[in-house]
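These notes are about the structure you will find just below.
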Amino acid sequence: MSAPPCPKAMVHGPCGGVAEDGCCEVAPEPCSFLPLPTVRWAGRPVAPVTPEPPLLQLMRQRPVVVADLPAVALSRWSLERAAGFVAGRVDAVLLGDHAAARVQFCPTYRASIVQAAGVTVWQGLNCRDRNRVALEGELAGLADLGVGAVHCVTGDHTLTGDRPDAQPVFDWDSTQLAAAARAAGLLVSVGETPHGPPADRRPRRLAEKVRAGAQVCFVDHAGGVEELRTFVEQATDAGADVPFIACVAVATDPGSVAELRRFTGLRLPEGYLAGIEGARDPFRAGIAAAVALAEAYLEVPGVRGVDLSGVAAPGTELTTATALAEIGRALS
Ligand code: SF4
C-alpha cells in the first residue's frame, strides 16, 4: 500500500512537524516521507558569495545573538517599541511565524518598520501563506530593503494555529524557498529539528538544503548540550558545513511558559521550564536560565550564535522585550 500524500505537498520532506510516533503533523497517518530516502536537491549548485554578507562575516569573528521580536500583531507602535528595547543589545531580530497570530503585516513591510528602528532584521518567510510568485516578490522587496538575512521555512499547516479556515498554499517547500532566496542575493538560513523523526536522516536533509543555497542553520530546541553537539557534528560530516545558531528557550512568566509548551517538537534540558515556574521570581529566573543555556550551547564547536526564542503571552510583549535585551547584554 502506498503512503498517503503529504498534506503540504512537500518535495523535500519530511517537515519538522512529524510527531514522535512518526505520524503526520496534521493527519492520523504516518508521515509519507518516513519510508523514503532523503530527497536530493536537483537544482544547480550555488556559487560562493563575495563579499560575504555582514552577518556571516560577524559570525566568523564572534558568536551572534539573535532574538525573536515580541510584538502585538498588526501594531506598528508595538513593533517599534519592542525594537527600541533590543536595539544595540542583540545583533539581529528574527521576525518569524506565530501560531496564535498567523495574520501579520506582510514580511517586507514588517521588516521595513523594524529596520527603520535601527535593528538588523532576519526576516522569516513561510511557504504556507504565499505561492511562489508572491514569495518571489517578497524576496525582491527584502533584498531591495537590505535586510540582514532571510529565514526560509515550509511552515506549519493552516490546520494548526489560529487560522484553520485559510487555504494552505505550499507551492514550494523550505528547500526550494532557500534556493530562491539565495538567487535573490540574500543571506539564507533554514531550520532543522535534530530529534524530529527520522532523526538519523535530519543531518543529511540539512545538507541538501545547504546544497540548495542555505548558508546558516537554526537548530530548533535541541534539548541538552550533548544533543546539540551530536547534531552539529553529524550535520557537518554530512556536508552541512555552515554556522549553526542554537535556539534558546526564553520564558519569564507562567504565560510564556505555557506558550513555549505549545511549540512543535519542543525539547529542553530536564527541569528547564519547571525551574522557572517554581522560582520565587520567574522573570529573573527565566533570564538567568536563558543566559546559562546560551553560554553552554556556545561552547559547542560550530555553534556561532544563539536565537533567543519564545512567545510572549498577550500583554507581556514589551516586558519580554526588556528580558531579551538583558539576556543580549549579558551575552555580549
Ligand atoms: S509530517 Fe510533514 S512532511 Fe510528513 S506528511 Fe505530514 S506534512 Fe508532510
Side-chain angles (χ1 to χ4, degrees), residues 2-43 94 96-99 102 124-132 135 150-164 166-181 188-214 216-223 231 234-235 238 240 244-245 247 262-267 307 309:
S2 61
C6 170
K8 297 183 188 173
M10 289 184 72
V11 175
H12 306 87
C15 71
V18 187
E20 297 222 350
D21 63 359
C23 268
C24 174
E25 177 181 285
V26 288
E29 309 276 357
C31 168
S32 39
F33 284 94
L34 293 192
L36 305 177
T38 301
V39 182
R40 297 269 295 167
W41 168 247
L94 178 64
D97 204 4
H98 193 315
R102 292 288 196 219
L125 275 186
N126 72 68
C127 302
R128 176 191 58 240
D129 302 326
R130 291 172 177 79
N131 71 10
R132 66 185 69 189
L135 287 169
V150 63
H151 186 58
C152 299
V153 301
T154 300
D156 301 334
H157 198 279
T158 50
L159 292 176
T160 71
D162 71 337
R163 290 304 300 267
Q167 281 295 316
V169 180
F170 298 116
D171 191 10
W172 274 342
D173 58 32
S174 58
T175 307
Q176 295 162 316
L177 179 58
V188 181
S189 66
V190 291
E192 200 58 68
T193 306
H195 48 273
D200 60 334
R201 302 214 307 269
R202 291 282 168 187
R204 180 69 197 285
R205 179 166 184 259
L206 173 61
E208 294 304 320
K209 292 184 188 177
V210 171
R211 291 183 64 236
V216 180
C217 175
F218 280 64
V219 185
D220 294 337
H221 301 284
F231 176 73
Q234 291 177 347
F244 291 82
I245 292 181
C247 292
R262 292 172 55 187
F263 272 35
T264 305
L266 179 75
R267 195 166 285 189
D307 172 44
S309 163

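Counting from 1, the numbers follow the sequence of the chain as shown. When reading the values below, keep in mind they use all heavy atoms of this one structure, side chains included, and skip hydrogens, waters and symmetry mates.
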What pairs of donor and acceptor atoms, side-chain ones from residues 13-21 against any protein atom, are under 3.5 angstrom apart with sequence neighbours left out?
unit_1, atom_1, unit_2, atom_2, d
Glu20, OE2, Arg267, NH2, 3.2
Asp21, OD1, Cys23, N, 2.9

What's the verdict on side chain to side chain contact (heavy atoms under 4.5 Å, CB included) for Val190 and Leu206, showing C-alpha distance, side-chain angles and the deciding distance? CA-CA 8 Å; Val190 291; Leu206 173 61; 3.7 Å; yes

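- Judged as a side chain to side chain contact (heavy atoms under 4.5 Å, CB included), and not counting sequence neighbours, the contacts of Asn131 are Val133, Ala134, Val169, Asp171.
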How far apart are the C-alpha atoms of Glu208 and Arg205, what are their side-chain angles, what is the distance that settles it, and do they pass the salt bridge (charged side-chain N to carboxylate O under 4.0 Å, His left out) test? CA-CA 5 Å; Glu208 294 304 320; Arg205 179 166 184 259; over 6 Å; no

One pair to check against side chain to side chain contact (heavy atoms under 4.5 Å, CB included): Phe263 and Ser309. What are the steps and the verdict? CA-CA 11 Å; Phe263 272 35; Ser309 163; 3.7 Å; yes

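- Among residues two or more places apart in sequence or in another chain, the side chain to side chain donor-acceptor pair (under 3.5 Å) test is passed with Thr160 by Arg102.
- For the salt bridge (Lys or Arg N to Asp or Glu O under 4.0 Å) test, no residue two or more places apart in sequence or in another chain qualifies with Asp129.
- Annotation for Asp220 and Cys247: closest pair CA-SG, 4.1 Å, computed over non-hydrogen atoms.
- Under the side-chain contact (heavy atoms from CB on, under 4.5 Å) rule, Phe33 has a single partner from Cys31, Pro35, Pro37, which is Cys31.
- For Arg202 (side chain) and Pro194 (main-chain N/O), no donor-acceptor pair under 3.5 Å exists by modelled atom type.
- The closest side-chain heavy-atom distance from Glu192 to Val219 is not below 4.5 Å.
- Shown here are the salt bridge (Lys or Arg N to Asp or Glu O under 4.0 Å) partners of Arg201, two or more places apart in sequence or in another chain: there are none.
- With hydrogens and angles disregarded, a donor-acceptor distance shorter than 3.5 Å links the side chain of Thr158 to the backbone of Ala166.
- Screening Leu177, Asp97, Leu135 for a side-chain contact (heavy atoms from CB on, under 4.5 Å) involving Asn126 leaves a single residue, Asp97.
- In this structure, Thr38 and Arg40 have side chains that are not in contact, with every pair of non-hydrogen atoms separated by 4.5 Å or more.
- Judged as a side chain to side chain contact (heavy atoms under 4.5 Å, CB included), and not counting sequence neighbours, the contacts of Thr175 are His12, Trp41, Asp173, Lys209, Ala212.
- Residues forming a side chain to side chain contact (heavy atoms under 4.5 Å, CB included) with Cys24 (at least two apart in sequence, or on another chain): Pro7, Val26, Ala27.
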Start with the C-alpha distance between Arg128 and Phe170, add both sets of side-chain angles, then the distance that settles side chain to side chain contact (heavy atoms under 4.5 Å, CB included), and finish with yes or no. CA-CA 5 Å; Arg128 176 191 58 240; Phe170 298 116; 3.7 Å; yes

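- Two residues are said to be in side-chain contact when any heavy atoms from C-beta on lie closer than 4.5 Å; Val153 and Leu125 fail this criterion.
- Of all the heavy atoms in Gly191 and His151, the pair that sits closest is N-CE1, 3.5 Å.
- Scanning for side chain to side chain contact (heavy atoms under 4.5 Å, CB included) contacts around Pro203 gives Phe231, Gln234, Ala235, Ala238, with sequence neighbours left out.
- Here the shortest heavy-atom pairing between Ser189 and Phe218 reads OG-CE1, 3.6 Å.
- Residues satisfying the salt bridge (Lys or Arg N to Asp or Glu O under 4.0 Å) test with Glu25, not counting sequence neighbours, are Lys8.
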